[in-house]
Amino acid sequence: MAIERTLSIIKPDGVEKGVIGKVIARFEEQGLKPIAIRLTQLSKADAEGFYAVHKARSFFADLVKFMTSGPVVLMVLEGEGAVAKNREIMGATDPAKAAPGTLRKDFATNIEKNTVHGSDSLENAKVEVSYFFPEVQIHSYQWKK
Ligand code: CMP
């Protein structure tokens, strides 16, 4: 399988619950390496731009409000089939529907406070990674088997 990059966000609820380390450990244990990490607080413009695809949805205003309510951790994850693997590790968007052992099952509160975001396709991953990280801030390193 090809080595891919995907964008991961630990949302304000995940940071507030103190599970940054646990979330990153799950990624590392399952073969995804963080190759860029930044803790920051998103501006309204950052969040609106990032979630522009959801602009027409009823939950858009609340989503932007929540995503700007506290710090988030932005990460680029790299690994074999990283886009699908990240989504498998996260579980379903709604934690009530997430499989046992997934991040959202274990840490999320509800569909809004669902702890993590992950790119949903390789195409979107490229857009989302470049939205937050210039190439110079991404430090891919040699894979050792
Ligand atoms: P995320 O993967 O970050 O992508 C968009 C987010 O919108 C999603 O996770 C949810 O946290 C949030 N959201 C809030 N309400 C809904 C909803 N009804 N359906 C889908 N996503 C929702």
Side-chain angles (χ1 to χ4, degrees), residues 1-135 137-141:
M1 204 183 285
I3 301 289
E4 297 171 353
R5 291 175 178 183
T6 190
L7 186 85
S8 169
I9 305 177
I10 304 178
K11 299 187 179 189
D13 65 303
V15 174
E16 190 176 0
K17 284 171 191 151
V19 296
I20 294 172
K22 287 182 179 167
V23 169
I24 294 176
R26 296 250 184 127
F27 292 141
E28 291 185 320
E29 284 159 10
Q30 293 176 73
L32 296 181
K33 293 182 183 291
I35 56 169
I37 303 183
R38 182 163 82 248
L39 186 142
T40 189
Q41 184 145 0
L42 299 182
S43 67
K44 187 163 180 268
D46 288 335
E48 284 177 348
F50 183 75
Y51 281 121
V53 65
H54 297 302
K55 208 173 170 64
R57 307 288 295 272
S58 59
F59 57 82
F60 182 71
D62 285 342
L63 175 61
V64 168
K65 198 170 168 198
F66 168 60
M67 289 301 289
T68 56
S69 66
V72 297
V73 177
L74 306 172
M75 285 183 283
V76 181
L77 301 175
E78 187 178 75
E80 285 182 13
V83 174
K85 170 134 297 198
N86 181 31
R87 294 182 67 75
E88 189 186 310
I89 295 169
M90 289 192 300
T93 306
D94 182 351
K97 296 177 187 158
T102 60
L103 290 171
R104 284 164 169 164
K105 182 71 174 182
D106 291 346
F107 302 125
T109 301
N110 55 40
I111 198 167
E112 179 182 79
K113 294 182 175 59
N114 65 351
T115 311
V116 279
H117 166 84
S119 310
D120 65 0
S121 67
L122 192 54
E123 194 187 357
N124 284 341
K126 286 179 180 147
V127 174
E128 293 187 356
V129 164
S130 65
Y131 188 81
F132 288 120
F133 292 98
E135 190 63 31
Q137 290 179 7
I138 301 175
H139 302 281
S140 190
Y141 45 96

Using a 3.5 Å distance criterion without hydrogens, assess whether the side chain of Thr6 forms a donor-acceptor pair with backbone atoms of Ala125. no
If I take atom CD from residue Glu128 and atom NZ from residue Lys126, how far apart are they, to the nearest 0.5 angstrom? 13.0 Å
How close do Pro95 and Thr93 get, counting heavy atoms only, and between which atoms? CD-O, 3.4 Å
Is the CD atom of Glu16 crowded by more than 12 outside heavy atoms at less than 6.0 Å? no
Side-chain contact, heavy-atom cut-off 4.5 Å: Phe132 with Leu42? yes
Spacing of Ile3 atom CD1 and Glu80 atom CD [to the nearest 0.5 Å]: 4.5 Å
Residue pair Thr40, Asp46: steps toward the side chain to side chain contact (heavy atoms under 4.5 Å, CB included) verdict: CA-CA 11 Å; Thr40 189; Asp46 288 335; over 6 Å; no
A side-chain contact here means heavy atoms from C-beta on lying under 4.5 Å apart; do Pro34 and Glu28 qualify? yes
Can you see which heavy atom on Arg87 is nearest to which on Gly118, and at what distance? NH1-O, 3.4 Å
Tell me whether Asn114 contacts the main-chain N or O of Ala108 through its side chain, where contact means a donor paired with an acceptor under 3.5 Å. no
Looking only at heavy atoms, the pair that brings Gly70 and Pro12 closest together is O-CG, 3.7 Å
Parallel, tilted or perpendicular: which fits the ring planes of His117 and Phe50, with parallel below 30° and perpendicular above 60°? perpendicular
Less than 4.5 Å apart, any side-chain heavy atom of Phe60 and any of Glu48? yes
Contact summary for Asn110 and Lys113, nearest pair of heavy atoms: OD1-N, 2.7 Å
Closest non-hydrogen contact found for Asn86 with Ser8 is ND2-CB, 4.3 Å
Classify the angle between the aromatic ring planes of Phe59 and His54 as parallel (below 30°), tilted (30 to 60°) or perpendicular (above 60°). tilted
Is the shortest side-chain heavy-atom distance between Lys85 and Leu77 below 4.5 Å? no
Distance col, row Glu78:CD vs Phe27:CZ, nearest 0.5 angstrom, shows 14.5 Å
Flag the pair Met75 / Ile10 as yes when at least one side-chain heavy-atom distance between them is below 4.5 Å, and no otherwise. yes
In the structure I gave you, are the side-chain heavy atoms of Val15 and Ile20 within less than 4.5 Å of one another anywhere? yes
Apply salt bridge (Lys or Arg N to Asp or Glu O under 4.0 Å) to Glu135 and Arg5, showing your working. CA-CA 12 Å; Glu135 190 63 31; Arg5 291 175 178 183; 3.1 Å; yes
Heavy-atom closest pair (Ala47 atom, Thr68 atom, distance to 0.1 Å) is CB-CG2, 3.9 Å
I'd like to know if the side chain of Glu4 and the backbone of Ala82 have a donor-acceptor N/O pair within less than 3.5 Å. yes
Look only at the side chain of Asp94 and the backbone of Ile111, and say whether a donor-acceptor pair between them is shorter than 3.5 Å. no
Summary of salt bridge (Lys or Arg N to Asp or Glu O under 4.0 Å) pairs that have at least one residue in residues 49-62, sequence neighbours excluded: none
Would you check if Phe107 and Val116 make a side-chain contact, meaning some heavy-atom pair closer than 4.5 Å? no
Check whether any side-chain heavy atom of Arg38 sits under 4.5 Å from a side-chain heavy atom of Phe133, and report yes or no. yes
For a side chain to side chain contact (heavy atoms under 4.5 Å, CB included) check, start with the C-alpha distance between Lys11 and Phe66, then their side-chain angles and the critical distance, and finish with the verdict. CA-CA 9 Å; Lys11 299 187 179 189; Phe66 168 60; 4.1 Å; yes
Look up atom CZ in Arg26 and atom CD1 in Ile24, then write down how far apart they are to the nearest 0.5 Å. 13.0 Å
Any salt bridge linking Lys22 with Asp106? Criterion: basic side-chain nitrogen under 4.0 Å from a carboxylate oxygen. no
